[in-house]
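Numbering of ligands and ligand atoms starts at 1, following listing order.
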Amino acid sequence: MSDVHPVVIVGSGAAGLTAAVYAARANLKPIVIDGSLPGGQLTTTTDVENYPGFPEGVMGPELMERMRKQAERFGTQFIFDQVAECDFTSEIKVIKCNQQEIKAHTVVIATGASPRLLGLDAEKKLMGRGVSTCATCDGAFFRDANLVVVGGGDSAMEESTFLTKFAKKVYLVHRRQEFRASKIMQERALKNPKIEVIYDSAVSVINDVEKGEVTGVEIQNLKTKETHDLAVDGVFVAIGHIPNSAPFKGAIKTDENGYILTEKGTQTSAAGVFAAGDCVDHVYRQAITAAGMGCMAALDAERYLAARGLDT
Ligand code: NAP
């Protein structure tokens, strides 16, 4: 048996698993490399109310589990590993993972995006110890707490509002006067009596690394440069995402922010390599659009293989 797989899919979120369902049903025996967060970002959410076909809503992890089972049902094989680097220069593509090397005729990149961080030293050290990038995952740990949420987009509004279910007080810290968030999400956050907005400001220090927990932050007003301390128990960073395209650096073209460039559907700059979902799309970023692109990528891979007689 050839050790070159027809289709290797990198990533197991909505895009990757949908690509797997389509490729598996086309009898292409896809391999899915799970990555560091099997199921992708939807596994870190609670209710998903806008995925068609679920009129009562569905929990994010359950939706991903169902997609995974659907892909498995048609013969998808899953590999728990992470891609380190790739060589797409030949007909046969080489994917170097941490534990093994995988060869493929076609590759679907569906690696999603990861939360952007502020870049403070304490942020990483206190991640999971009071610092979080996911209110729906960690909010319940902060009952009656005082919290900071950083950001001015829909995520920051959504997370602040959600956190008021548990917290005593939420300070929403934004670096400008105007929010980027949609009007409806802004209004919901701004009329919430537990939320206090701190405009034109940044979190400049997070305390206390020594204690191994969040005890407070220093807030800097970016206009006056003045600082003041806030005693809080947690910091939620909601400042957008970074596409997970680092393992493909140099092998395919990306834009200046690292989003993978595609043309004619999902074709990347390397022949036989397709990309789908949040690693490509910084505009829509929805479960359903990622799934739709995953479907497109699988169909594009299938056509690529058929044109070369490699689809059997
Ligand atoms: P976003 O729209 O890119 O907003 C990021 C926010 O973080 C911006 O306000 C930005 O400030 C701020 N920011 C970026 N880097 C920062 C830094 N280093 N320090 C401090 N602040 C920083 O990201 P998002 O809110 O995650 O939303 C992403 C997409 O998902 C959007 O299309 C959004 O509509 C969608 N979304 C939708 C929902 C929903 O409808 N339920 C929920 C969440 C997200 P500036 O404004 O100054 O640039």
Side-chain angles (χ1 to χ4, degrees), residues 13-15 40-52 54 57-60 63 112-124 127 131-139 147-165 170-190 192 195 197-206 217-223 225 227 230 232 235-244 255-259 277-293:
Q41 285 193 75
L42 277 168
T43 59
T44 68
T45 62
T46 51
D47 276 320
V48 179
E49 295 182 330
N50 52 11
Y51 200 87
F54 294 90
V58 59
M59 300 301 274
L63 178 62
S114 297
R116 178 179 286 127
L117 298 177
L118 296 168
L120 299 171
D121 190 39
E123 188 180 30
K124 277 196 176 146
M127 189 63 69
V131 176
S132 171
T133 56
C134 178
T136 47
C137 317
D138 300 328
L147 300 173
V148 160
V149 172
V150 188
D154 280 337
S155 296
M157 302 303 133
E158 191 173 61
E159 303 235 321
S160 313
T161 307
F162 176 78
L163 287 168
T164 60
K165 287 187 187 183
V170 175
Y171 297 96
L172 176 55
V173 178
H174 181 38
R175 63 184 178 185
R176 294 190 292 138
Q177 267 293 330
E178 298 81 33
F179 289 124
R180 182 181 295 273
S182 56
K183 283 278 169 290
I184 186 167
M185 307 277 280
Q186 282 189 43
E187 276 165 18
R188 218 175 272 166
L190 292 175
N192 189 314
I195 297 176
V197 184
I198 305 178
Y199 294 100
D200 293 322
S201 297
V203 169
S204 41
V205 177
I206 303 174
V217 294
E218 181 189 89
I219 303 284
Q220 181 174 46
N221 184 301
L222 297 170
K223 288 197 166 149
K225 303 294 174 206
T227 60
L230 267 184
V232 292
V235 177
F236 285 79
V237 182
I239 59 171
H241 289 82
I242 298 172
N244 297 322
D255 71 8
E256 67 278 9
N257 297 317
Y259 285 94
D278 286 10
C279 60
V280 175
D281 166 32
H282 49 87
V283 178
Y284 302 103
R285 301 190 238 207
Q286 301 301 301
I288 187 66
T289 52
M293 288 172 77

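Listed by number with element, the atoms of ligand 1 under 4.0 angstrom from any heavy atom of Glu158 are 41 (N), 42 (C), 43 (C). Residue contact check: Leu118 has heavy atoms under 4.0 Å from atoms 19 (N) of ligand 1. Heavy-atom contacts of Arg176 reach the following atoms of ligand 1: 45 (P), 46 (O), 47 (O) (cutoff under 4.0 Å).
Within the structure, the closest approach of Met157 to ligand 1 does not fall below 4.0 Å when heavy atoms are considered. Remark: distances from the non-hydrogen atoms of Met185 to ligand 1 include one below 4.0 Å.
Taking a cutoff of 4.0 Å between a charged side-chain nitrogen and a carboxylate oxygen, Lys223 and Asp200 qualify as a salt bridge.
Under a 3.5 Å cut-off, the side chain of Glu123 and the backbone N or O of Gly119 do form a donor-acceptor pair. Without hydrogens or angle criteria, Ser204 side chain to Glu218 main chain gives a donor-acceptor distance under 3.5 Å. A donor-acceptor pair is defined here as one N or O able to donate and one able to accept, closer than 3.5 Å; such a pair exists between the side chain of Glu159 and the backbone of Ala135.
Checking Arg175, Arg176, Arg180 one by one against Glu178, the salt bridge (Lys or Arg N to Asp or Glu O under 4.0 Å) holds for a single residue, Arg176. A side-chain contact (heavy atoms from CB on, under 4.5 Å) with Phe236 holds for exactly one of Val131, Asp138, Val150; it is Asp138.
The aromatic rings of Tyr199 and Phe179 sit tilted, their planes meeting at an angle between 30° and 60°.
Scanning all protein heavy atoms for the shortest distance to atom 26 (O) of ligand 1 gives Ser155 OG, 2.5 Å. Shortest contact from atom 7 (O) of ligand 1 to any protein heavy atom: Ile239 CA, 3.2 Å. Looking from atom 8 (C) of ligand 1 to the surrounding protein, the closest heavy atom is Arg180 NE, 3.6 Å. Here the heavy atom of the protein found nearest to atom 23 (O) of ligand 1 is Gly240 CA, 3.6 Å. Ranking the protein heavy atoms by distance from atom 32 (O) of ligand 1 puts Val283 O, 4.0 Å first. At the shortest separation from atom 10 (C) of ligand 1 among protein heavy atoms lies Arg175 NH2, 3.8 Å.
For the residue pair Thr161 and Asn192, no side-chain donor N or O sits within less than 3.5 Å of a side-chain acceptor on the partner. Residues Gln220 and Thr227 have side chains that never bring a donor and an acceptor to within less than 3.5 angstrom of each other.
Legend: residues meeting side chain to side chain contact (heavy atoms under 4.5 Å, CB included) with Ala122, ordered by chain and number and at least two apart, are Leu126, Ile206, Val209.
Of the polar atoms of Gln286, none of the N or O atoms is found under 3.5 Å from an N or O of ligand 1, judged by distance alone. At a 3.5 angstrom cut-off on N or O pairs, Gly152 counts as close to ligand 1.
Evaluated by nearest non-hydrogen atom to atom 38 (C) of ligand 1, the leading choice among Leu120, Leu222, Asp154 is Asp154. Of the options Arg285, His241, His282, Glu49, the smallest heavy-atom separation from atom 31 (C) of ligand 1 is shown by Arg285.
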